[in-house]
Amino acid sequence: MDLLKRASELLPQKEFEKNYFTIFFNIAIFSTNCDMYDESIKTLICLVEQGYACPLYWECFEPLKEDMRYTNLKQKNDILIKQAEKKSKLEYAVHLPENYNKDKQYPLFFNLHGDGENMKVHSQYWKPDAFLKKDFIVVYAQSSQVIYHNGYGWLKDSLKARNEIRDLYDLILNQYSIDKKCIIIGGFSGGAITAIDITMTNDFLVKGFISICPSKKPESFNKENVQYAIKRGTKGVLMEGEYNMPVPDEEEMVNVFKEVGFPYEYYINKGIGHWYPKDLSDKVEKALEFIL
C-alpha cells in the first residue's frame, strides 16, 4: 500500500487526476486485506464525499460493517448509485473489418466486459484483432447496470442484460450487413456468464461462445437448454486461470457438456487467477478454429 501511495505521488498531475478513483479505491481494498479497517473506511468516506460511488457490497469490505461510520457511508453511497443508474444507458462500440462492404454479409462477435469493468478497459485486454482478421464485425457492449464509479455489470439483473443485448442485436442488424448464421458471443467474468446465459436462452441464434472465467452458472443453464443448443449447432469455449481452480459451477457445466455431448473446449490459463491470459489472442484464434 505504501508503494502504491508513493507511486501515485510520482505520476504526472494529469495522470494522477485521471486515475484518482482507481488509486484510492485500491488503497481501500489493500487496507482491508491488511486488516487496516480504519484506513480503509476513511478512504471510502473520502471517495464517497467527492461523489465517487463504491461497491461496498464486495466481500472484502464485509469487516467494515462493524464500524459505526459504515451505515452513514452506505446511505450516501446508495444515493450515488441510484443517481448514476438514472443517467446510465447501454453503450457500444463497433469495429469493422478492413474494406467493409455493405453488399457482403459478415459474421458478428459480441464482446462483454466483466462486472465492475467498462468496455474501454475490457477492450485493452481483449482486443478485436483476431476477429477482424477473420472478417468479423466486432461489437463491444457496455451494460447500463452501475456497479460503482465508471464500473458496470451484467449480473445485477440478468433479464435486463438479456434485453439490452437483444436490442443491441436488432440495432446492429439494421445498421450493418450481418450473417445471422455466424454470431459468436464472449466475455470476461460477469460478461462470460452473460455470454453463456444469452446462448442458452436462444433469443437469437448463437454459433458459439467464448467465456473467460465464468465462475457462476447462469440461470438459463440446464440440461434441456444445452441439448437444444446442440441441435442448433452451437459450440462453446471456457477458460479459467489455474490459480482460481477448482471452480464448482464451471465443473458442473463441464459435466453437463460431457453428459449430453455438447461440443466444447476448456483452456487452463497458466500462471494467473481470475484474469485475462497474456496469450489471449492465441487462445482466441484457437477457439475460433474450433467454433468455425
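In this text the structure is predicted, and so the values were computed from the model without any measurement.
With rounding to the nearest 0.5 angstrom, the CD1 atom of Ile45 is 5.5 Å from the CG atom of Leu73. Atom OG in Ser31 sits 4.5 Å away from atom CD in Glu39 (nearest 0.5 Å). Separating the NZ atom in Lys207 from the OG1 atom in Thr199 is a distance of 13.0 Å, to the nearest 0.5 Å. In this structure, NE2 on His95 lies 9.5 Å from CG on Asp129, to the nearest 0.5 angstrom.
Checking Tyr92, Phe204, Phe109, Tyr176 one by one against Tyr169, the ring pair (Phe, Tyr, Trp, His ring centres under 6.0 Å) holds for a single residue, Phe204. His122 pairs in a ring pair (Phe, Tyr, Trp, His ring centres under 6.0 Å) with only one of the listed residues (Phe110, Tyr276, Phe188), which is Tyr276. Evaluated for a side-chain contact (heavy atoms from CB on, under 4.5 Å) with Val138, the options Ile184, Leu132, Leu96 yield exactly one hit, Leu132. The ring pair (Phe, Tyr, Trp, His ring centres under 6.0 Å) test with Phe131 is passed by exactly one of Tyr106, Tyr140, Phe136: Phe136.
No donor-acceptor pair closer than 3.5 Å links the side chain of Asp249 to the backbone N or O of Lys216. Using a distance-only test at 3.5 Å, with no hydrogens or angles considered, a donor-acceptor pair links the side chain of Asn118 to the main chain of Asn150. Within the 3.5 Å criterion, the main-chain N or O of Glu251 finds a donor-acceptor partner in the side chain of Asn255. Side-chain atoms of Ser211 come within 3.5 Å of backbone N or O of Ala192 as a donor-acceptor pair. Of the possible donor and acceptor atoms, one in the side chain of Thr201 sits under 3.5 Å from a partner among the backbone N and O of Ile198. Under a 3.5 Å cut-off, the side chain of Tyr100 and the backbone N or O of Asp135 do not form any donor-acceptor pair. Side chain of Lys235 to main chain of Phe290: a donor-acceptor pair is present (N/O by atom type, distance under 3.5 Å, no hydrogens or angles). At least one donor-acceptor pair closer than 3.5 Å links the side chain of Ser143 to the backbone N or O of Gly153. Here the side chain of Gln145 pairs a donor or acceptor atom with the backbone of Asp157 at under 3.5 angstrom. Between the side chain of Glu117 and the backbone N or O of Gly114 there is at least one donor-acceptor pair closer than 3.5 Å.
In Glu66, the CD atom is not crowded: 12 or fewer heavy atoms of neighbouring residues, nucleotides or ligands sit closer than 6.0 Å. Other residues, nucleotides and ligands contribute only 12 or fewer heavy atoms inside 6.0 Å of the OH atom of Tyr125. By the neighbour-count criterion of 12 heavy atoms within 6.0 Å, atom CD of Glu17 is densely surrounded, having more than that number from other residues, nucleotides or ligands. For Glu59, the CD atom sits in a loose shell: 12 or fewer heavy atoms of surrounding residues, nucleotides or ligands are nearer than 6.0 Å.
Val254 and Ile268 fall within a single hydrophobic cluster, where Ile, Leu, Val, Met, Phe, Trp and Tyr are joined by side-chain heavy atoms under 4.5 Å apart, directly or via other members. Hydrophobic cluster membership is shared by Ile196 and Leu112, with clusters built from Ile, Leu, Val, Met, Phe, Trp and Tyr side chains linked at under 4.5 angstrom. Neither Ile165 nor Ile193 shares a network with the other; the hydrophobic side chains, linked directly or stepwise wherever heavy atoms of I, L, V, M, F, W or Y lie under 4.5 Å apart, form separate groups for each. The cluster map of Ile, Leu, Val, Met, Phe, Trp and Tyr, joined by side-chain heavy atoms under 4.5 Å apart, puts Leu108 and Ile210 in different clusters. Residues Leu292 and Val284 fall within the same hydrophobic cluster, defined by Ile, Leu, Val, Met, Phe, Trp and Tyr side chains chained together at heavy-atom separations under 4.5 Å.
A donor-acceptor contact closer than 3.5 angstrom links the side chains of Gln50 and Tyr20. Side-chain contact check for Glu164 and Ser144: at least one donor-acceptor pair (N or O, by modelled atom type) lies under 3.5 Å. For the residue pair Asp197/Ser220, the side-chain donor-acceptor check at 3.5 Å is satisfied.
Residues Val48 and Cys54 come closest through the heavy atom pair CG2-SG, 4.2 Å.
Remark: Arg162 engages Glu219 in a salt bridge, criterion side-chain N to carboxylate O under 4.0 Å. With salt bridges taken as basic N to acidic carboxylate O contacts below 4.0 Å, one links Glu49 and Lys76. Between Asp115 and Lys156 there is no salt bridge, since no side-chain nitrogen of the basic residue lies less than 4.0 Å from a carboxylate oxygen of the acidic one. Here Asp170 pairs with Arg166 in a salt bridge; the nearest charged N to carboxylate O distance falls below 4.0 Å. Salt bridge Glu285/Lys133: present, at least one basic N to carboxylate O contact under 4.0 Å. Looking at Asp282 and Lys286, no side-chain N of the basic residue comes within less than 4.0 Å of a carboxylate O on the acidic one, giving no salt bridge. A salt bridge is defined here as a Lys NZ or Arg NE, NH1 or NH2 lying under 4.0 Å from an Asp or Glu carboxylate O, and Arg69 with Asp67 meets this definition.
In this structure, the side chains of Thr32 and Phe61 come closer than 4.5 Å at one or more pairs of heavy atoms. Counting heavy atoms from C-beta outward, Phe24 and Cys46 have side chains that stay 4.5 Å or more apart. Side-chain contact check for Ser215 versus His274: some heavy-atom pair is nearer than 4.5 Å. Contact of the Pro107 side chain with the Lys134 side chain is not registered, since no non-hydrogen atoms from C-beta on lie closer than 4.5 Å.
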For side chain to side chain donor-acceptor pair (under 3.5 Å), just list the numbers for Asn72 and Tyr70, CA-CA rounded to whole Å, side-chain angles, deciding distance to a tenth of an Å, and then say yes or no.
CA-CA 6 Å; Asn72 186 50; Tyr70 180 84; over 6 Å; no

Under the side chain to side chain donor-acceptor pair (under 3.5 Å) rule, what do Tyr267 and Glu240 come out as? Steps first, then yes or no, please.
CA-CA 7 Å; Tyr267 308 155; Glu240 186 55 72; over 6 Å; no

Yes or no on ring-ring contact (aromatic ring centres under 6.0 Å, His included) for Trp154 and His113, after CA distance, side-chain angles and deciding distance?
CA-CA 9 Å; Trp154 305 98; His113 60 78; 5.1 Å; yes

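Cluster partners of Val146 are Ile81, Tyr152, counting Ile, Leu, Val, Met, Phe, Trp and Tyr whose side-chain heavy atoms approach within less than 4.5 Å, directly or via other members.
Ring pair Tyr264/Phe257 is tilted by interplanar angle, where 30° to 60° counts as tilted.
Aromatic ring centres of Tyr148 and Trp58 lie closer together than 6.0 Å. When ring centroids are compared, His149 and Phe25 stay outside the 6.0 Å threshold.
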